[in-house]
There are 2 protein chains.
Amino acid sequence: MTQKQEQLSKNQQIVLNIIEKAKGPLKAYSILYNVQKRGIKAPLQVYRALEKLIEIGKIHKIESKNAFIACKNSDCEISKATAFSICNNCEHVKEIKNTKLSKYLSNFVDNSGMKYKKYNLEFFGLCKDCKLKQ
Amino acid sequence: MTQKQEQLSKNQQIVLNIIEKAKGPLKAYSILYNVQKRGIKAPLQVYRALEKLIEIGKIHKIESKNAFIACKNSDCEISKATAFSICNNCEHVKEIKNTKLSKYLSNFVDNSGMKYKKYNLEFFGLCKDCKLKQ
DNA sequence: ATAACAAACGTTATATTATAACAAATTAAG
DNA sequence: CTTAATTTGTTATAATATAACGTTTGTTAT
């Protein structure tokens, strides 16, 4: 019983469901194949839903993978502050929920005195499972 | 007189020159158009050079833009730790050189105790010029 | 309730970004 | 020199993403 999903349109709902059920990030065309039985036929329908879902913070794009993942973090309001860990071996992706980190980055001021409204951080390494197996 | 460039191959050299001369990040196909007079004819030739240049840390990929920029930061050895600021208005991109930030992120340990080998951070906001103009 | 507007939809076509596969040429090392 | 590794050239194609158009649905204000 998630709240505030009644405002999503039909296609947005379908695409979000697929992404939320997935274990990891999904690519746009893989989403497309998965939702064809539900009436979505064209890439653009998927991309439009993705765009909206990103806008309202329900999902994030993993830029280094061109893939999309459900937001598990109520803190990153409207995707202004996102951080992920990505396993180089099994490609497992996890959203990092760390208050210190997000505070540090949200308040970061560069050498020229600039502050930023938004950031996206991607960490790469081996996840615990893959570290053990090696 | 940059050092250590004698080891680059012809195509790698050509592509690097274009990227280093550019004011901002370049897209692969824009690089291609720019180097056709110098004998590079196919996308793959560009992508291969890009791959190598990234590998040896001469350039970075701006993931959110699918574009490539020369490394201006001798500190980010072999691109293990990259941070950029990106202007939402004029699309100006700048590599952030900030020792505190890079130390903070390189030493970051997440809630599960994981440390990471590599990260890429992209900040978004308005650059100084665009802030003034608004 | 309905006119006016905004948001979402469906569809076709196409643009943009990136890689596969294979053979030839070049370079580096033993 | 010759073997191995890297780089090159080339053609084809895969994968990712958007343009443009007209229609339908949903919202809001009267």
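The figures here come from the full heavy-atom set of this structure, side chains too, leaving out hydrogens, waters and symmetry mates. Order of the sequence lines sets the chain letters (A, B, ...), proteins ahead of strands, with each chain counted from 1.
A nucleotide of DNA chain D counts as in contact with chain A when one of its atoms lies under 4.0 Å from a heavy atom; the first and last such, 5' to 3', are dT16(D) to dA20(D).
If you take CD1 on I19(B) and CZ on F68(B), they are separated by 7.5 Å, rounding to the nearest 0.5 Å. Rounding to the nearest 0.5 Å gives a distance of 12.0 Å between CD of Q12(B) and CG of N17(B).
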What are the atom names and distances for every N/O pair under 3.5 Å that joins the protein to nucleotides 28-30 of chain C?
none

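Nucleic acid contact for K65(A): none, since no nucleic acid atom lies under 4.0 Å from a heavy atom of the residue.
With a 4.5 Å cut-off between side-chain heavy atoms of Ile, Leu, Val, Met, Phe, Trp and Tyr, the cluster of M114(A) takes in I96(A), L101(A), Y104(A), L105(A), F108(A), Y116(A), Y119(A), L121(A), F123(A), I96(B), L101(B), Y104(B), L105(B), F108(B), M114(B), Y116(B), Y119(B), L121(B), F123(B). The hydrophobic cluster containing I69(B) also includes I62(B), F84(B), I86(B), V93(B), F124(B), under a criterion of side-chain heavy atoms closer than 4.5 Å among ILVMFWY residues, counted directly or through chains of members.
Remark: K65(A) engages E91(A) in a salt bridge (Lys or Arg N to Asp or Glu O under 4.0 Å) (not counting sequence neighbours). In this view, E55(A) satisfies the side chain to side chain donor-acceptor pair (under 3.5 Å) rule with no residue, not counting sequence neighbours. The side-chain contact (heavy atoms from CB on, under 4.5 Å) test applied to K115(B) returns N107(B), V109(B), not counting sequence neighbours.
Pairing each heavy atom of A49(A) with each of V15(A), the nearest pair is CB-CG2, 3.7 Å. Of all heavy-atom pairs between G57(A) and C71(A), the closest is O-CB, 3.4 Å.
Residues from residues 25-36 of chain B with heavy atoms under 4.0 angstrom of DNA chain C, sorted by number: K27(B), Y29(B).
For the residue pair N111(B) and N98(A), a side-chain donor N or O sits within less than 3.5 Å of a side-chain acceptor on the partner. A donor-acceptor contact closer than 3.5 angstrom is absent between the side chains of S9(B) and N11(B).
Around the CD atom of Q36(A), the shell of radius 6.0 Å holds more than 12 heavy atoms that belong to other residues, nucleotides or ligands.
Residues in residues 120-129 of chain A take part in these side chain to side chain donor-acceptor pair (under 3.5 Å) pairs, two or more places apart or across chains: S64(A)-E122(A), T82(A)-N120(A), N120(A)-E122(A). The list of ring pair (Phe, Tyr, Trp, His ring centres under 6.0 Å) pairs with a residue in residues 10-38 of chain B, not counting sequence neighbours, is empty.
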- Task: Indicate for each nucleotide in nucleotides 7-12 of chain C, in 5' to 3' sequence, whether protein heavy atoms under 4.0 Å reach the base (B), only the sugar-phosphate (S), or nothing (-).
- Result: -SBBBB

- Watson-Crick and G-U pairing of DNA chain D written in dot-bracket, each distance under 3.5 angstrom, with | for inter-strand partners: ||||||||||||||||||||||||||||||

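At least one donor-acceptor pair under 3.5 Å links the side chain of S102(A) to the backbone N or O of T99(A).
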